[in-house]
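Scroll down for the structure; my scribbles are underneath it.
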Amino acid sequence: MIETIYWNDEGVVMIDQTRLPNEEIYVTCRNYQEVADAIRTMIIRGAPAIGVAAAMGVAIGVAKADPANLDAELAVISKELAGTRPTAVNLFWAIDRMNRLYSEIRHLPYEELRDRLIEEAKLVRVEDIEINRAMGRHGAPLVPDGKTVLTHCNAGALATAGYGTALGVIRAAIEAGKKIDVYADETRPFLQGARLTVWELQHDGIETTLITDNMAGHFMRAGQIGCVVVGADRIAANGDVANKIGTYSVAVLAKENNVPFYVAAPISTLDLTLTSGEQIPIEERGASEVTQVFGIPVAPAGTKVRNPAFDVTPNRYVTAIITEKGVARTPFVESLRALAEQK
Ligand code: MRU
């Protein structure tokens with residue numbers, strides 16, 4: 001399996017996703033500032049992977065902090081990490097988890113406290129892989145045999161600690177013996193579909209076809225797509241889903257063409273404090289992602305640009321939400337809460 005992120009004696013190691021698919025380079029972040037930069041610049045990206053990075057960022061921050069000033073330093077570390085990207089709630093979930101543990105064990109001697117936080121961050125990573133496998137088991141039966149699955153962005157091993165959410169469901173369906181192939185939207189402007197999804201599915205020998213984002217409707221209308229499976233960055237209590245920009249268009253096209261639209265996401269991606277997707281903060285990224293492709297201008301100099309990195313798909317377009325605890329269907333307010341409260 002592809003190693004997206006792990007901890008070693010030198011720091012937090014991540015595959016540099018800005019260099020894929022042309023170069024497979026691992027970078028080591030030796031302090032929390034470098035982890036924060038890696039999240040901000042999308043060396044690591046994808047909601048669950050960002051969560052693991054944030055947990056490890058807190059751990060390495062405490063490991064490098066002044067033991068006499070830990071409370072204050074942890075607050076600074078947490079603020080810096082929380083300021084990296086606004087949409088994926090897993091980032092805040094992981095920082096909260098690490099802070100909660102710190103509060104419980106802050107009376108311990110520094111070395112012990114530090115080691116416990118490092119172990120917790122490693123646990124967030126291991127649990128994420130287990131969660132993705134469980135999600136795969138719940139989602140695999142929904143994927144129609146002998147059909148093409150369309151996915152948008154990268155919700156795979158690279159977006160998680162391993163195996164993936166949406167791609168985990170696809171992997172699990174194939175492991176269960178289903179004959180499935182994948183259409184991957186290229187996912188402008190950052191090209192997570194073309195660069196990352198195609199790379200990792202090829203790596204696993206899964207038959208994959210790359211299409212540009214504006215081709216999805218054409219293939220759905222032609223009856224060539226059996227279902228859509230995507231990931232999520234934040235899901236509101238009513239089942240509205242924030243995911244990579246372009247997901248909303250895919251969902252509307254899916255409904256119009258009677259194609260089931262599934263979202264695969266861990267419980268840590270639910271934000272039950274928000275009643276609807278309207279309240280989800282949407283990250284706006286820099287203009288150069290739109291005006292350039294690999295540094296080459298594709299628009300006149302000075303072009304005015306908008307670059308929202310995510311959109312919100314209203315719950316009426318979502319057929320089901322696949323989590324590690326089971327599958328939620330409409331009415332999502334009840335089904336999501338029931339899954340979240342399930343032990
Ligand atoms: O901007 P990114 O690449 O971090 O956005 C990633 C996505 O939108 C993914 O679809 C989402 O995080 C789900 S990942 C399992």
Side-chain angles (χ1 to χ4, degrees), residues 2 4-5 14-18 20 38-54 84-94 125 128-129 131-136 139 150-172 184-197 199-201 213 228-235 241-251 261-271 277 280-286 289-290 307-313 318 321-324:
I2 299 155
T4 306
I5 177 167
M14 336 171 161
I15 192 163
D16 184 344
Q17 300 194 30
T18 64
L20 287 170
I39 297 172
R40 211 177 280 117
T41 59
M42 292 170 70
I43 284 173
I44 189 154
R45 34 65 52 200
I50 291 172
V52 177
T84 51
R85 298 191 72 191
T87 304
V89 75
N90 309 60
L91 175 80
F92 310 101
W93 168 87
R125 174 181 173 278
D128 185 59
I129 299 171
I131 284 168
N132 293 333
R133 289 201 176 268
M135 217 180 292
L150 176 75
T151 191
H152 188 74
C153 191
N154 172 265
L158 289 166
T160 62
Y163 201 66
T165 56
L167 299 193
V169 168
I170 291 168
R171 286 189 167 98
D185 281 350
E186 73 171 340
T187 319
R188 273 283 285 156
F190 207 68
L191 302 176
Q192 289 95 330
R195 296 189 303 105
L196 308 176
T197 295
W199 181 79
E200 75 162 81
L201 291 179
D213 300 334
V228 178
V229 189
V230 298
D233 291 86
R234 197 185 293 224
I235 301 174
V241 174
N243 191 49
K244 179 52 51 192
I245 191 74
T247 303
Y248 169 54
S249 321
V250 174
F261 180 88
Y262 298 117
V263 176
I267 295 290
S268 56
T269 300
L270 301 183
D271 186 349
I280 298 174
I282 300 295
E283 177 183 12
E284 284 260 356
R285 296 187 62 85
E289 286 181 1
V290 178
N307 187 15
F310 302 94
D311 59 27
V312 173
T313 298
V318 178
I321 298 175
I322 303 157
T323 76
E324 70 273 28

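Heavy atoms only: backbone and side chains are in, while hydrogens, waters and symmetry mates are out. Ligands are counted one by one from 1 in listed order, and the atoms in each one are counted from 1 as well. Bear in mind that the values here come from a model prediction, so they are computed numbers and not experimental data.
Of the candidates Glu200, Arg195, Lys244, Gln17, Glu200 is the only one forming a side-chain hydrogen bond (donor to acceptor under 3.5 Å, both in side chains) with Asn154.
Between Asp213 and Arg188, none of the side-chain N atoms (NZ, or NE/NH1/NH2) sits under 4.0 Å from a carboxylate O, so this pair counts as no salt bridge.
In this structure, the side-chain contact (heavy atoms from CB on, under 4.5 Å) partners of Ile43, at least two apart in sequence or on a different chain, are Met14, Asp16, Thr18, Val27, Ala38, Thr41.
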Residues Leu150, Val250; criterion side-chain contact (heavy atoms from CB on, under 4.5 Å); working and verdict: CA-CA 9 Å; Leu150 176 75; Val250 174; 3.8 Å; yes
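Between the side chain of Thr4 and the backbone N or O of Ala157 there is at least one donor-acceptor pair closer than 3.5 Å.
By the 4.5 Å heavy-atom criterion applied to side chains, Trp199 and Leu158 are counted as neighbours.
Within 4.0 Å of ligand 1, protein heavy atoms come from Met42, Arg45, Gly46, Ala47, Pro48, Arg85, Cys153, Asn154, Ala155, Ala159, Thr160, Thr165, Gln192, Gly231, Ala232, Asp233, Asn243, Lys244, Phe310.
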